[in-house]
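See below for the structure under consideration.
Every number for a ligand or one of its atoms is a count from 1 in the order of the listing.
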Amino acid sequence: MEKDIKEILITEEEIKEKVKKIGSEIASSYKGKDLNMIGITTGSIVFFADLIRDIPIPLRVDTMSVSSYGGSTESSGSVKLLSELKLKIENKNVIIVDDIFDTGNTLNNLIKELSKFNPKDIKTCVLLEKQERHLVDMRPDFVCFDVPNEFVVGYGLDYNEKYRNLPYIGILKEEVFRKKVWFKIKLNIVNKYFTK
Ligand code: IMP
Ligand code: MG
């Protein structure tokens, strides 16, 4: 697994320190208020589990599974909720927690969907933000790290469901992508010429 990583971008220690800092920022913003935190699975699970333990005020926790419509490498203009919220968020403060704000389509659309439940307020918190890639007119409210326009994995983030268990954020080697592209091309040729 480690051999597929080109470079460690953010170390385990740096993540720990920053998550603690964002946790105390959230705690001071919501002290004396209700707080409902919704983690988006699967990408945010590692970050979410650490973050909530760094927020030393009363809060409620829920998770949601979503999928974006459209292409497989880039999310599109709408999201589909794959699970229901157990928390009642009407007239409550909500923070949606995700792994990365890339184009921003997922969180932008999720805010629209969750607004239908009439919460008092919705904010967003992400581990990573790729500012170069934004396609929407919003920014996440709480951000741990800005990252360059590279495909990163680890600490919950995946490529093909792998690498989520790396304790750091790393840049994936290009040959790992290329291998997959070559495999697909070969598979297409075989399908086209050798099967009926
Ligand atoms: P957005 O809707 O374009 O902001 O995309 C958000 C989702 O795309 C994230 O929740 C990730 O699952 C995925 N994603 C975007 N960039 C990366 C990356 O560099 N590594 C792993 N997943 C990514
Ligand atoms: Mg993902």
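Looking at residues two or more places apart in sequence or on another chain, you find a ring pair (Phe, Tyr, Trp, His ring centres under 6.0 Å) between Phe151 and Tyr159, Phe177.
Residue contacts with ligand 1 for Asp99 involve side-chain atoms from C-beta outward but no N, CA, C or O (heavy atoms, distance under 4.0 Å). Contacts between Asp158 and ligand 1 below 4.0 angstrom, taking non-hydrogen atoms only, involve the backbone exclusively.
Heavy-atom neighbours of Lys18 NZ from other residues, nucleotides or ligands within 6.0 Å: above the threshold of 12.
Distances shorter than 4.0 angstrom occur between a heavy atom of Lys130 and an atom of ligand 1.
Residue-ligand proximity, Leu157 to ligand 1, at heavy-atom distances under 4.0 Å covers atoms 20 (N), 21 (C), 22 (N). The atoms of ligand 1 that sit less than 4.0 Å from any heavy atom of Thr106 are 1 (P), 2 (O), 5 (O), 6 (C). For ligand 1, the atoms sitting less than 4.0 Å from at least one non-hydrogen atom of Thr103 are 1 (P), 2 (O), 3 (O), 4 (O), numbered in the order shown with element in parentheses. Within the listing of ligand 1, atoms 19 (O) sit less than 4.0 angstrom from a heavy atom of Glu150.
Comparing Asp102, Val147, Leu128, Leu107 against atom 5 (O) of ligand 1, the shortest heavy-atom distance belongs to Asp102. With distances taken over non-hydrogen atoms, the option nearest atom 14 (N) of ligand 1 out of Ile100, Ile169, Asn108 is Ile100.
Considering backbone and side-chain atoms alike, Val152 places an N or O below 3.5 Å from some N or O of ligand 1. The distance criterion of under 3.5 Å between nitrogen or oxygen atoms is met by Gly104 with respect to ligand 1.
Residue Met37 holds its CE atom at 5.5 Å from CZ of Phe48, rounded to the nearest 0.5 Å.
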Exercise. Run the numbers on Ile26 and Asp54 for side-chain contact (heavy atoms from CB on, under 4.5 Å), then give the verdict.
Key: CA-CA 9 Å; Ile26 292 176; Asp54 277 327; over 6 Å; no
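Ring-plane geometry between Phe101 and His134 is classed as perpendicular, the angle between the planes exceeding 60 degrees on a 0 to 90 degree scale with a lower cut at 30.
Judged by distance alone, the side chain of Asp62 and the main-chain N or O of Lys86 form a donor-acceptor pair under 3.5 Å. Between the side chain of Asp141 and the backbone N or O of Thr124, at least one donor-acceptor pair lies under 3.5 Å.
Residues Lys88 and Asn36 fail the side-chain proximity criterion, which asks for heavy atoms closer than 4.5 Å.
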